[in-house]
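Computed from a predicted model, the values in this text were never measured in an experiment. The chains referred to below are lettered A, B, ... by the order of the sequence lines, with proteins before strands, and numbering in each begins at 1.
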There are 4 protein chains.
Amino acid sequence: MKKIITDKVSRKEREKLARRSEILKAARRIFAEKGLHETTLDDIAVKAELAKGTIYGYFENKDDLFFSVLEEAIGNLENVVQKTCQSDLPPQEKMLNLVKTMLSLFEKNEDLMQLMTRNQPGQLMHKMQEKMQNHFKNLIKSVSGVLQEGIRQGLFGKIDTEKAAAAFFNLIHGNAMSSFWNKRKIYNKEDLEFMANFYLHGISVYDEKEKK
Amino acid sequence: MKKIITDKVSRKEREKLARRSEILKAARRIFAEKGLHETTLDDIAVKAELAKGTIYGYFENKDDLFFSVLEEAIGNLENVVQKTCQSDLPPQEKMLNLVKTMLSLFEKNEDLMQLMTRNQPGQLMHKMQEKMQNHFKNLIKSVSGVLQEGIRQGLFGKIDTEKAAAAFFNLIHGNAMSSFWNKRKIYNKEDLEFMANFYLHGISVYDEKEKK
Amino acid sequence: MKKIITDKVSRKEREKLARRSEILKAARRIFAEKGLHETTLDDIAVKAELAKGTIYGYFENKDDLFFSVLEEAIGNLENVVQKTCQSDLPPQEKMLNLVKTMLSLFEKNEDLMQLMTRNQPGQLMHKMQEKMQNHFKNLIKSVSGVLQEGIRQGLFGKIDTEKAAAAFFNLIHGNAMSSFWNKRKIYNKEDLEFMANFYLHGISVYDEKEKK
Amino acid sequence: MKKIITDKVSRKEREKLARRSEILKAARRIFAEKGLHETTLDDIAVKAELAKGTIYGYFENKDDLFFSVLEEAIGNLENVVQKTCQSDLPPQEKMLNLVKTMLSLFEKNEDLMQLMTRNQPGQLMHKMQEKMQNHFKNLIKSVSGVLQEGIRQGLFGKIDTEKAAAAFFNLIHGNAMSSFWNKRKIYNKEDLEFMANFYLHGISVYDEKEKK
DNA sequence: AATGAATGAGTCTTCATTCAT
DNA sequence: GATGAATGAAGACTCATTCAT
């Protein structure tokens, strides 16, 4: 008897979570496409095949929904980046894998990348700023760790790893956005090679033979 | 007699331009702070110390005003970048100067930099996209030219100069934004050195003695 | 079970239609009194005891509401006229009844008559013109039919029935408007007799005995 | 010396009147085309080739201008009608001439006729109502006189001449409007004949031979 | 819990009117 | 007297949020 009740409750909970997730998915698509302000709750309700009022059972208000979308999105990125950084590969491989992983993620989820660009600031952002900054700090810390590892191994120069990690994200994201606007594939060999090479050696002459 | 008339006319014209400029200035401040959608024409009118209706004598509507602000802003950047690129210095110095100039411009006009982040999307941007893309192409062409010059002189590696130019802007702008959010000075020695070094040599070990 | 659902649905639908109808009624009153341009949606909302925004759930915009009012109004007139024209009476009686019916309708719905005067012009009318012209054509066709019947029976002269039908409406409507402005009763014996007589015989001497 | 001053003054006055007249002319065109509310003072100023502010030197405000236009227009009609009614012709000829004169006037001044239809009522009209009603009364009195003359001469039946006069205007104006909307010529033989015949004999059978 | 109709505050935009030049 | 830039009141329309069913 108890079990049944538990089941029922947990089914309810599961359903609740599933619906929440559907809303988030729909919202993310539309927020990415139109930005926060040009998206209406009607748009989202239609996409999620729900009544507008229902959304308020799962999120406090439009801003809350938007932030939840943002947070989920950046959480995904965080997971992917962390997993790559914690692998057992040498630092250089890790960096290369990071480029690959991120471009691939952006390619599969163009909306995620757009969402990150349309970081609508203003009043809104302020409320959320702390949370988002923490997420970004986590991302930077992960990459920063890989860079420090490389420096310890004498592979990378003694640079400011936080700045370098931030630069890393700027590069990848900027490149992906540019591909997106120009309607090129986001994940492509040329860009991969350019970025890996540029990130390692900058624009200066680089003699392949020096490497070993 | 004629002169007086001419004077009058030109004074009127000057006043007209001045007023337009005042509106643009006020608008730029507020658009930068709040973004397009959270800015109301009332905000701008108050800031410009004008009646709301007056703005419509100078701009067709809110969008037109916003685009004019954007265009003026990016025009400024274009001028500064072009001037630096056309100087008589060696390519490496030019690149260093570009970093300095841009950071300095961003420091003096934080709003400009914020404005550039807010790639306002959706329907709106589309109308303007062509124009804005042209501006960006010009920026990239200028920097690209410097890079090609450096390659011809054997200073830089044979990289894709357009990608590298785009990466350049992503780096500088990203760095400046990050300083801004963390309330650090945008123009500072450490960042300058980091960026110059990173852009030239990436993160790899770089032995100063190899240089010559 | 099904029945309940059906009932609910149909109740909702009925309520929806009822509300729409309330709005139309309120709008018609005010449009008639003030004309399209001097009527504000606030006026209508207040009259209909609804929030302004609610109106937009039933009509696309102010113009749509106005046209809907016009159409409903002329539709009423069309029905009344058609019914009278299709009765089994001799043509002369039909014409007399038409005068009576129309004056009576105008008396009960002064707003309807006023509405018809305000041939709102310009851009606006053009959108609707075709629809309205069709309605007017229908009206004229109905009356025209009665006149043709009368001509076939040798009761009326061989006049252009379309012109005569149009003249009929001009007369009745003009007479009603004039009563309205002069604050006389719209439906009154003298006017009825005058119109019936005038329409049949014009202003010329008419010897009652000639009739038979 | 005095004469010169007088001349100057009267020249000024003449110029003033001329300008006033130009404004009226421009205003009448645009009011007729767009109606009161869709016409802006800018429209009129452009048409009159004057600055907007200048209009306020000649008319108190937009409403005053509109009423002046209306009054001038109906004054023209009044003159034409009066002149025709005071001629030395027999009543039937006078009536025929009235039809001709009015149609011809409407044809030459379509705006006048439109203006009369777009008698925007509402608040506005109320202010003016008395004046306009007087004008209409004058028109009706003139025609009424002709009808009475005809009755005295045994030409017309003993009808209510005021009603018959009003009916006359409704007929002519309605007919002209209908030609206008259907893009037919306003002054044309068929309509003339129809109206003259209809007004005299209504729709009943009329044996031409009875006439004499 | 889901629904979606109702709400009304908030914004852009227009335009009659004023007034300094 | 003419000008036309500035003004700000007024109005249409949108949409996040609430709430009765």
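Shown here is B/Glu49, whose CD atom has no more than 12 heavy atoms of other residues, nucleotides or ligands within 6.0 Å. Counting heavy-atom neighbours within 6.0 Å of C/Glu60 CD, excluding the residue itself, gives a total of 12 or less.
Across all strands shown, A/Leu41 has heavy atoms under 4.0 Å from base atoms, whether or not it also approaches the sugar-phosphate. Heavy atoms of D/Tyr58 sit under 4.0 angstrom from primed sugar atoms or phosphate atoms, though from no base atom. Residue B/Gly57 is out of contact with every strand shown, counting any heavy-atom pair closer than 4.0 Å. Across all strands, B/Thr40 comes closer than 4.0 Å only to sugar-phosphate atoms, never to a base (heavy-atom distances).
You'll find the side chain of B/Leu24 reaches within 4.5 Å of the side chain of B/Phe59, heavy atoms only.
The side chain of A/Thr54 lies closest to E/dT3, out of F/dT7, E/dT3, E/dT13. If you check E/dC12, E/dT18, F/dT17 against the side chain of D/Tyr56, the one that comes closest is E/dT18. Nearest to the side chain of B/Ala51, among F/dT7, E/dG8, F/dC13, sits F/dT7.
Taking atom CZ of residue C/Arg14 and atom C1' of nucleotide E/dA5, one finds them 17 Å apart after rounding to whole Å. For the pair B/Asp43 CG and E/dT11 P, the computed distance is 8 Å after rounding to whole Å. Atom NE2 of D/His37 is separated from atom P of E/dT14 by 18 Å (rounded to the nearest Å). The CG atom of B/Leu65 sits 15 Å away from the C1' atom of E/dT11 (whole-angstrom rounding). The nearest whole Å value for the distance from the CZ atom in D/Phe66 to the C1' atom in E/dT17 is 19 Å. In this structure, A/Glu60 atom CD and F/dA16 atom P are separated by 16 Å, rounded to whole Å. If you take CG of A/Asp64 and P of F/dT17, they are 10 Å apart, rounded to a whole angstrom. Across the protein-nucleic acid pair, A/Glu38 atom CD and E/dT11 atom P stand 16 Å apart, rounded to whole Å.
Checking C/Asp42 against B/Lys16, the closest nucleotide of DNA chain F that is more toward the 5' end is the one next to B/Lys16. Each of B/Lys62 and C/Ile55 was matched to the nucleotide of DNA chain E holding its nearest heavy atom; the match closer to the 5' end belongs to C/Ile55. When the nearest nucleotides of DNA chain E are assigned to B/Thr39 and C/Gly53 by heavy-atom distance, the more 5′-ward of the two goes with C/Gly53.
The pairing partner recorded for E/dA20 is F/dT3, the criterion being a Watson-Crick or G-U wobble arrangement whose two distances lie under 3.5 angstrom. Across every strand in view, E/dA1 sits unpaired, with no contact that passes the Watson-Crick or G-U test at under 3.5 angstrom.
For E/dT3, its base never sits under 3.5 Å from the side chain of A/Lys52 at any donor and acceptor pair.
For the pair D/Lys131 and D/Phe67, the cation-pi test (distance below 6.0 Å, angle within 45°) is failed. Stacking of D/Lys62 on the aromatic ring of D/Tyr56 is not recorded, the 6.0 Å distance cut-off and the 45° axial limit not both being met.
C/Arg19 has a side-chain polar atom (N or O) that falls below the 4.0 Å cut-off from OP1 or OP2 of E/dA6.
A distance of 10.0 Å separates CD of B/Glu72 from CG of B/Leu115, quoted to the nearest 0.5 Å.
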